[in-house]
Amino acid sequence: MRKSIIIGNWKMNKLSKEAIDFVKAVDGNLHDGADFGIAPTYTALAAAREHASNLIVAAQNVHYQPSGAYTGEISIEMLKELNVEWVILGHSERRQYFNETDAEINKKVKACLEHGLTPIVCVGELLEEFEAGKTEEVVRRQVHDCLVGVEGNVQSIVVAYEPVWAIGTGKSATVEIAQNTCALVRDELKKVFNEEVAEAIRIQYGGSVKPSNIKEYMAQPDIDGALIGGASLKVDSFLEIVEAVK
Ligand code: PGA
């Protein structure tokens with residue numbers, strides 16, 4: 001039985017003080033029906049981590065090298081120093097605006113598993129790929145190329161399917177599209193790893209998830225959670241989501 005996992009991706013939002021206020025309001029109001037977490041910016045990670053007892057605190061990116069001349073980057077050890085044990089990798093905004101490739105994401109996933117950080121690996125097609133009927137081809141390729149050759153506690157990996165055209169647009173994918181694509185993500189995981197691992201890995205849907213639609217996604221057999229941007233920023237809306245997945 002896969003435990004549901006809901007993560008709020010805060011992107012470039014919230015100062016440390018705002019993160020603390022959020023954690024104080026939310027951390028005591030969770031339940032055991034799912035894992036819940038937030039991904040603050042680097043500068044708010046320490047503050048969020050310090051105040052969170054129940055919430056997972058994830059970074060939004062990490063470098064695969066242990067140290068060195070990589071101006072502006074953060075290493076796995078630096079996150080672990082803050083007791084941050086989770087990280088989002090390969091978000092479409094990292095791919096789109098910072099040219100992150102599947103090959104780099106693959107190196108990051110390998111480094112994370114090697115050093116005990118749990119990755120949430122994002123995949124998803126662009127609008128033009130969706131319109132050209134290339135969703136399956138693109139998503140299978142991303143899952144394969146991001147995860148091929150990864151060893152260690154591979155069951156702990158979380159995969160987030162986020163169609164790029166549904167992120168921040170208010171245009172969420174239909175439940176049918178989300179379920180079908182998450183099912184093919186799982187099928188590709190079988191090929192990359194094996195059936196047992198594919199059945200254990202949790203797959204999230206992301207893209208305009210909100211309190212009013214999360215239930216229908218979560219009712220799907222291959223959707224084990226959600227990666228949520230906009231609707232995760234406000235305490236009220238986050239708690240409505242918590243309530244909805246009870
Ligand atoms: P959204 O963002 O919920 O605001 O669409 C999702 C994401 O980018 O992870």
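Hydrogens, waters and symmetry mates play no part in the numbers below; they use all other heavy atoms, side chains included. Quick caveat: nothing in here was measured; it's all calculated off a predicted structure. When a ligand or atom number is given, it counts from 1 through the structure's own listing order.
Checked against a 3.5 angstrom limit, the closest N/O atoms of Gly207 and ligand 1 fall outside it. Ligand 1 has no nitrogen or oxygen under 3.5 angstrom from a nitrogen or oxygen of Ile228.
Using cut-offs of 30° and 60° for the angle between ring planes, the Tyr217 and Tyr205 rings count as parallel.
A donor-acceptor distance shorter than 3.5 angstrom exists from the side chain of Gln142 to the backbone of Gly124, with no hydrogens or angles considered. Checked by atom type and distance alone, the side chain of Ser208 pairs as donor or acceptor with a backbone atom of Gly170 at under 3.5 Å.
Between Lys11, His91, Gln204, Glu162, it is Lys11 that holds the heavy atom closest to atom 2 (O) of ligand 1.
If you check which protein heavy atom lies closest to atom 4 (O) of ligand 1, you get Gly230 N, 2.9 Å.
With salt bridges taken as basic N to acidic carboxylate O contacts below 4.0 Å, none links Lys134 and Glu137. Between Lys3 and Asp224 there is no salt bridge, since no side-chain nitrogen of the basic residue lies less than 4.0 Å from a carboxylate oxygen of the acidic one.
At least one heavy atom of Ala166 sits under 4.0 Å from some atom of ligand 1. Distances shorter than 4.0 angstrom do not occur between any heavy atom of Gly206 and any atom of ligand 1.
Less than 4.0 angstrom separates some heavy atom of Gly168 from each of these atoms of ligand 1: 1 (P), 4 (O), 5 (O).
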